[in-house]
Amino acid sequence: MTAVLFDFSGTLFRTESAESWLRAVLTEAETPLTEAELTQTAQALEAAGAQPGGAFPAALPEELSAVWAVRDESAELHRAAYTGLSRRVALPDPALHDALYERHMDPRAWTPYPDAAQVLAALREHGIRVGVVSNIGWDLRPVFREHGLDAYVDAYVLSYEHGVQKPDPRLFTVALEALGAAPAETLMVGDSRPADGGAAALGCRVHFVDPLPAAERPDALLAVLEMVGVARRPATPTRA
């Protein structure tokens with residue numbers, strides 16, 4: 001293998017809990033809720049699927065089904081899909097729906113998986129090029145920079161910047177071209193079989209991880225090093 005493509009959310013990084021997400025926005029807005037109200041509201045937002053990178057909607061409203069299907073093809077569609085879901089939950093101030101959307105793009109809302117830095121550093125050390133291929137509606141590069149992982153990424157291929165989303169092979173093709181890599185020499189690592197599995201159509205090898213909370217998945221990415229024939233190296237600390 002000469003290149004590895006990684007998904008972002010649920011693969012290299014994990015978003016904060018719905019309760020942490022809501023609490024951060026309420027604190028910033030100086031809008032108090034009791035602990036019971038906060039917990040109840042966070043659960044409702046989670047069930048609605050309103051948090052990007054969080055749980056999918058328990059039931060997708062018919063009026064949002066069309067935008068949901070193509071939500072990662074532009075920044076506008078992404079915002080419309082998620083704020084549309086958020087607005088199905090009553091909040092103390094309507095402005096909080098947009099504030100929640102803004103919060104999910106904050107680097108502080110994301111935590112790298114414990115082994116992400118170790119794996120990315122080892123790949124860089126052995127000359128294996130790394131790409132991030134993500135279905136997303138905003139620029140995730142600041143998240144990598146804030147957590148000290150940007151130096152290990154050779155190319156970012158983000159769906160909203162190309163108007164096409166995984167599993168469409170065209171997005172993976174862009175990544176392969178950016179890295180100068182052949183499909184047969186490339187491994188795609190992700191958490192979604194329907195989306196990330198699209199790389200297999202080009203001839204890439206595909207490996208899946210579970211999108212668990214970061215604390216519950218300390219070493220699942222280490223298998224990537226074995227798959228590409230790279231020896232493990234001591235963990236590299238990341239910035240908080």
Side-chain angles (χ1 to χ4, degrees), residues 7-69 71-72 75-114 116 134-149 160 191-192 209-218 220 237-240:
D7 174 51
F8 167 58
S9 176
T11 300
L12 289 176
F13 282 82
R14 172 73 182 199
T15 194
E16 63 191 331
S17 69
E19 188 165 316
S20 172
W21 177 53
L22 176 59
R23 188 185 300 277
V25 168
L26 293 174
T27 299
E28 179 70 21
E30 299 182 347
T31 303
L33 285 180
T34 67
E35 284 299 308
E37 290 172 333
L38 189 149
T39 298
Q40 183 178 25
T41 303
Q43 290 173 345
L45 287 166
E46 187 170 23
Q51 183 185 14
F56 281 2
L60 184 64
E62 184 177 352
E63 65 272 18
L64 291 175
S65 60
V67 70
W68 178 261
R71 65 192 180 281
D72 296 312
E76 295 76 18
L77 290 169
H78 195 268
R79 179 182 286 269
Y82 283 103
T83 57
L85 291 170
S86 173
R87 289 189 173 94
R88 296 179 63 82
V89 178
L91 296 178
D93 181 346
L96 293 173
H97 295 288
D98 284 315
L100 282 170
Y101 187 83
E102 295 297 326
R103 167 67 188 184
H104 102 273
M105 297 185 285
D106 190 318
R108 294 173 296 178
W110 295 89
T111 300
Y113 279 95
S134 178
N135 278 352
I136 200 164
W138 51 279
D139 187 3
L140 52 73
R141 295 173 182 85
V143 177
F144 281 78
R145 288 196 293 268
E146 178 66 24
H147 292 279
L149 299 184
Y160 84 102
D191 68 295
S192 171
V209 292
D210 292 324
L212 299 171
E216 298 176 22
R217 211 197 75 191
T238 60
R239 295 199 301 268

Point-to-point distance, once rounded to the nearest 0.5 Å, from [atom1] of [X] to [atom2] of [Y]:
X	Y	atom1	atom2	value
Phe144	Asp139	CZ	CG	10.5 Å
Trp68	His78	CH2	NE2	8.0 Å
Thr41	Leu33	OG1	CG	5.5 Å

Taking all atoms of both residues into account, what is the closest heavy-atom pair of [X] and [Y], and its distance?
X	Y	value
Ala214	Pro112	CB-O, 4.3 Å
Pro52	Ala50	CD-O, 3.3 Å
Leu85	Gly49	CD1-O, 3.3 Å
Ala80	Val67	CB-CG2, 4.3 Å
Pro114	Pro218	CB-O, 3.7 Å
Ala81	Arg71	CB-CB, 3.8 Å

Legend entry - Salt bridge flag under 4.0 Å for residues Glu63 and Arg88: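 Answer for the salt bridge query: yes.
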Legend entry - Salt bridge flag under 4.0 Å for residues Glu16 and Arg103: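 The answer is yes: the pair qualifies as a salt bridge.
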When you measure from the side chain of [X] to the backbone N and O of [Y], does any donor-acceptor pair fall under 3.5 Å?
X	Y	result
Glu216	Pro213	no
Asp210	Leu212	no
Arg217	Gly10	yes

Inset, instruction - Using a cut-off of 6.0 Å, state whether more than 12 heavy atoms not belonging to Gln40 lie near its atom CD. - result: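 Counting neighbours around CD of Gln40, 12 or fewer heavy atoms of other residues, nucleotides or ligands fall under 6.0 Å, so no.
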Inset, instruction - For the pair Trp110 and Glu146, evaluate side-chain contact (heavy atoms from CB on, under 4.5 Å) and give the outcome as yes or no after the intermediate values. - result: CA-CA 10 Å; Trp110 295 89; Glu146 178 66 24; over 6 Å; no
Legend entry - Verdict with supporting geometry, Leu12 and Leu149, side-chain contact (heavy atoms from CB on, under 4.5 Å): CA-CA 10 Å; Leu12 289 176; Leu149 299 184; 5.9 Å; no
Result block: side-chain N/O donor-acceptor pairs under 3.5 angstrom for residues 91-100, not counting sequence neighbours:
{"residue": "Asp93", "atom": "OD1", "partner": "Ala95", "partner atom": "N", "Å": "2.9"}
{"residue": "His97", "atom": "ND1", "partner": "Ser86", "partner atom": "O", "Å": "3.3"}
{"residue": "His97", "atom": "ND1", "partner": "Ser86", "partner atom": "OG", "Å": "2.6"}
{"residue": "Asp98", "atom": "OD2", "partner": "Arg87", "partner atom": "NH2", "Å": "3.4"}

Legend entry - Sole residue of Phe8, Phe13, Tyr113 in ring pair (Phe, Tyr, Trp, His ring centres under 6.0 Å) with His147: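 The single option meeting the ring pair (Phe, Tyr, Trp, His ring centres under 6.0 Å) with His147 is Phe13.
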Inset, instruction - Measure from NZ or CZ of Arg79 to the centre of the six-membered ring of Tyr160, then state whether that distance is under 6.0 Å and the direction lies within 45° of the axis. - result: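 No, a cation-pi geometry is absent between Arg79 and Tyr160.
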Inset, instruction - Output, in order, the C-alpha distance, side-chain angles, deciding distance and verdict of side-chain contact (heavy atoms from CB on, under 4.5 Å) for Leu38 and Arg23. - result: CA-CA 7 Å; Leu38 189 149; Arg23 188 185 300 277; 3.9 Å; yes
Inset, instruction - Taking salt bridge (charged side-chain N to carboxylate O under 4.0 Å, His left out) as the test, write out the residues that go with Glu46, two or more places apart. - result: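 Not a single residue meets the salt bridge (charged side-chain N to carboxylate O under 4.0 Å, His left out) criterion with Glu46.
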Inset, instruction - Evaluate the side-chain contact (heavy atoms from CB on, under 4.5 Å) criterion for residues Ser134 and Leu140: first the C-alpha distance (whole Å), next the side-chain angles of each, then the deciding distance (0.1 Å), finally the verdict. - result: CA-CA 9 Å; Ser134 178; Leu140 52 73; 3.8 Å; yes
